[in-house]
**Q** 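Mind looking over this structure? Questions follow.
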Amino acid sequence: MKVLLVHPSVLMYSELFLRLEPLGLECVAAAVRDAGHQVRIVDLQTHDRTELAREFLDFEPDAVGFGLNYLANIPEVIDLARWFKKQRRPPFVFAGGHSVSFVADHVLRQSEGAIDAVLRGEGETGAVALLEAARDGAAHEAPGAVTLNGSGPRPRLLESIDAPRPARDLVRRRNRYFIGVLDPAASVEFTRGCPWDCSFCSAWTFYGRSYRKLSPSIAAAEIAGIREPGVFIVDDVAFIRPEHGDAIAGELERRKVRKQYYLETRADVLLRNTEVFARWKRLGLNYVFLGMEALDAEGLELFRKRISPDENMRALERARKLGLSVAINLIVDPKWDREQFRLVRDWALSVPEIVHLSVMTPYPGTEIWHTESRKLTTLDYRLFDIQHAVMPTHLPLQEFYRELVRTQAVINRKHLGVAALARTAGLVARRLAHGQTNFARMLWRFSRVYNPERLYAEHHRPVRYHLPEPTPHEVGPRDRKQLYIHIERTAPPRLAATGDAISAPDA
């Protein structure tokens with residue numbers, strides 16, 4: 001079969017701070033190609049719809065698959081699926097990915113036949129089986145497949161994430177991918193899954209508390225083959241296992257590979273495995289994203305971070321001593337008042353780190369989707385992007401957005417304003433000299449992209465597609481497996497406060 005894989009357009013956050021290569025779609029493409037199919041990829045982050053239409057008409061695919069990792073992209077994908085179905089030779093249309101796995105039935109009904117199947121779970125195993133079943137008119141029998149005619153057995157986890165490796169050769173305009181100052185940047189994945197169970201996150205519910213590691217030699221060989229100077233390590237939490245991080249570092253040192261790296265981790269992992277981060281600093285690790293989420297113990301307990309404010313602060317000190325630049329994420333609760341915003345502004349201006357704000361959002365697949373007592377104020381998919389408030393705000397909504405944007409703007413001026421520009425001028429000049437404009441554009445687009453008028457106005461657009469109503473109920477430790485997409489294959493690592501052992505709290 002000829003298979004066209006499509007990644008949807010950028011969301012608000014991606015318009016400014018990052019645009020990542022479609023790593024998941026590249027892995028699916030590799031698996032499908034290895035199974036003997038012809039494959040092409042169109043990424044609407046870097047291409048427009050006219051180019052997508054041209055590719056479709058030239059290639060004439062038998063199947064079109066969408067990567068749907070973000071809820072906010074679902075309306076766009078349904079509309080595109082409708083367009084494909086109106087063509088002279090309509091293809092088999094399917095969608096898969098993280099977010100759509102939790103709302104598969106609902107998306108199928110809203111597409112009214114434009115999407116033939118939604119594939120829940122990991123796409124590398126699921127897509128190959130789905131295409132084979134679809135050829136025989138039995139798509140509903142494939143593992144993980146959900147169709148209007150029925151559903152297949154539960155999705156299967158890959159036995160190993162060593163293969164397939166992403167088909168990077170199928171993605172064009174790779175110079176458009178960046179994250180912050182890493183411009184351009186590729187993405188790599190060393191591990192898959194997360195042993196923690198934060199209430200606002202669906203990584204652990206998607207993977208069923210499993211945790212798998214890429215072989216160090218394969219990880220190093222992949223990085224050695226990447227031509228971009230920057231690499232974003234996309235693991236949910238990097239270097240949980242210090243011996244794994246050390247082994248990859250050793251392989252890179254042996255190959256004399258040096259890149260600039262950006263990764264995401266937790267404060268307690270950084271404190272526990274400092275030597276691994278120090279070693280990676282010598283290899284080129286410069287930027288760390290630290291999901292602190294809250295400044296006080298009450299907020300950390302609400303999100304079930306299983307960490308203390310003191311540990312977060314000590315991790316910041318440790319990162320500074322290592323010479324790492326840190327970007328901190330804080331979750332804005334819609335119930336914040338002006339004073340809370342002021343306190344966050346004051347704190348963010350008192351530390352040297354970059355601070356990003358995201359709005360607390362109950363997503364399908366998260367525990368708070370079921371337990372959050374405040375009724376959602378909207379079910380518009382497009383607003384579920386951690387930039388909009390989808391729960392009642394304490395302040396009037398327009399005022400909430402004014403405080404939110406004011407707070408983020410004040411923080412950003414510290415790093416991206418006129419005074420900060422003098423410090424980044426050399427960096428901007430070097431990027432521009434190599435034809436890279438992503439970072440420079442980010443410096444100037446903030447107020448145009450991220451402003452209270454736009455945020456508020458987007459609540460008043462006509463809504464054609466909407467999320468299902470959540471079913472409120474308590475989710476106790478014994479009930480959490482009901483949220484899983486995959487059944488865990490092996491016991492997850494153990495999360496301990498000290499040492500190398502990592503113990504899951506309710507495994």
Side-chain angles (χ1 to χ4, degrees), residues 12-13 15-18 179-181 262 264-267 270-271 286-300 302-303 305 307-360 386-387 389 393-395 398-428 439-440 442-453 455:
M12 179 182 282
Y13 191 83
E15 288 183 64
L16 283 172
F17 302 113
L18 55 83
I179 177 168
V181 299
Y262 194 128
E264 179 175 357
T265 195
R266 287 172 54 104
L270 177 59
L271 290 171
N286 290 317
Y287 307 95
V288 173
F289 185 86
L290 205 61
M292 285 176 50
E293 323 308 356
L295 299 177
D296 58 4
E298 181 183 4
L300 293 170
L302 173 67
F303 301 136
K305 285 289 292 185
I307 198 169
S308 70
D310 179 63
E311 286 175 292
N312 278 333
M313 296 305 126
R314 286 194 291 116
L316 290 181
E317 284 292 337
R318 189 72 54 85
R320 291 166 194 157
K321 288 180 180 178
L322 291 175
L324 296 171
S325 296
V326 176
I328 298 165
N329 185 68
L330 296 178
I331 296 177
V332 176
D333 193 315
K335 69 183 180 184
W336 280 9
D337 57 15
R338 292 188 201 89
E339 178 63 11
Q340 183 63 53
F341 277 110
R342 186 192 66 77
L343 290 171
V344 169
R345 282 195 296 270
D346 290 348
W347 180 82
L349 291 172
S350 73
V351 297
E353 287 76 22
I354 298 169
V355 179
H356 291 298
L357 304 177
S358 58
V359 181
M360 189 168 97
I386 67 173
Q387 304 302 307
T393 55
H394 172 77
L395 296 169
Q398 285 180 290
E399 190 172 344
F400 173 83
Y401 281 135
R402 282 195 293 268
E403 286 292 328
L404 174 66
V405 172
R406 178 189 175 201
T407 303
Q408 188 66 74
V410 167
I411 296 167
N412 277 21
R413 275 198 296 273
K414 182 175 69 171
H415 302 280
L416 305 179
V418 175
L421 185 57
R423 298 192 299 271
T424 59
L427 184 61
V428 172
F439 179 66
M442 179 185 76
L443 298 177
W444 300 109
R445 295 182 67 194
F446 179 84
S447 59
R448 183 163 64 86
V449 171
Y450 193 68
N451 62 77
E453 292 76 22
L455 287 163

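Predicted model only: the values in this text are computed from it and were never measured.
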**Q** Taking the side chain as every heavy atom from C-beta outward, state whether L357 and V344 have any pair of such atoms under 4.5 Å apart.
**A**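 SC-SC contact between L357 and V344 confirmed.
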**Q** Could you tell me whether R342 and E403 have a side-chain N and a carboxylate O separated by less than 4.0 Å?
**A**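 Between E403 and R342 there is no salt bridge, as every charged N stays at least 4.0 Å from the carboxylate O atoms.
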**Q** As an exercise, state the distance from CZ of R402 to CG of N451, rounded to the nearest 0.5 Å.
**A**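 It comes to 12.5 Å.
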**Q** How would you list all residue pairs meeting salt bridge (Lys or Arg N to Asp or Glu O under 4.0 Å) that involve residues 286-298, not counting sequence neighbours?
**A**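 Found E293-K305.
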**Q** Can you find a heavy atom in the side chain of L290 that is under 4.5 Å from one in the side chain of T265?
**A** yes
**Q** Please report the closest heavy-atom contact between A315 and L270, naming both atoms and the distance.
**A**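 Smallest heavy-atom distance, with atoms named: O-CD2, 3.5 Å.
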**Q** Does any non-hydrogen side-chain atom of I354 lie less than 4.5 Å from one of F289?
**A**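 Heavy-atom side-chain distance check fails, nothing below 4.5 Å.
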**Q** Would you mind checking if R314 and E317 are paired as a salt bridge, meaning a charged N to carboxylate O distance below 4.0 Å?
**A** no
**Q** Would you name the heavy atoms of T393 and L395 that are closest together and state the gap between them?
**A** OG1-O, 2.6 Å
**Q** Taking the side chain as C-beta and beyond, is there a heavy-atom pair between V351 and R320 under 4.5 Å?
**A**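 With C-beta onward as the side chain, the pair touches.
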**Q** My understanding is that only residues two or more places apart in sequence, or in another chain, count here; which of them pass side-chain hydrogen bond (donor to acceptor under 3.5 Å, both in side chains) with Q408?
**A** N412
**Q** To check you understand the geometry: which heavy-atom pair defines the closest contact between A327 and H356, and what is its length?
**A** CB-CD2, 4.2 Å
**Q** How close do A348 and V355 get, heavy atom to heavy atom, and via which atoms?
**A** CB-CG2, 3.8 Å
**Q** Is there any ring pair (Phe, Tyr, Trp, His ring centres under 6.0 Å) pair reaching into residues 325-346, and which pairs are they, with sequence neighbours excluded?
**A** W336-F341, F341-F400
**Q** With a 4.5 Å cut-off on side-chain heavy atoms, are M292 and L316 touching?
**A**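 Of all side-chain heavy-atom pairs linking M292 with L316, at least one is under 4.5 Å.
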**Q** Checking Y287 against I179 for the side-chain contact (heavy atoms from CB on, under 4.5 Å) test, could you report, in this order, the C-alpha distance in whole Å, the side-chain angles of both residues, the deciding distance, and whether it holds?
**A** CA-CA 10 Å; Y287 307 95; I179 177 168; over 6 Å; no
**Q** Between Y401 (side chain) and A389 (backbone), is there a donor-acceptor pair under 3.5 Å?
**A**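 Flag set: sc Y401 to bb A389 pair under 3.5 Å.
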**Q** Is the closest side-chain heavy-atom distance between Q340 and K335 below 4.5 Å?
**A**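 No, too far: nothing below the 4.5 Å cut-off.
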**Q** Report the C-alpha separation of N312 and L300 in whole Å, then their side-chain angles, then the decisive distance to 0.1 Å, and conclude whether the side-chain contact (heavy atoms from CB on, under 4.5 Å) test is met.
**A** CA-CA 10 Å; N312 278 333; L300 293 170; 3.9 Å; yes
**Q** What's the shortest heavy-atom distance between R318 and L271, and which atoms?
**A**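 Closest heavy-atom pair between R318 and L271: NH1-O, 3.3 Å.
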**Q** Could you grab the distance from atom CG of D333 to atom CE of M360, nearest 0.5 Å is fine?
**A**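 So the CG of D333 and the CE of M360 are separated by 4.5 Å.
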**Q** Please name the pair of heavy atoms, one in P334 and one in V359, separated by the smallest distance, quoted to 0.1 Å.
**A** CG-CG1, 4.3 Å
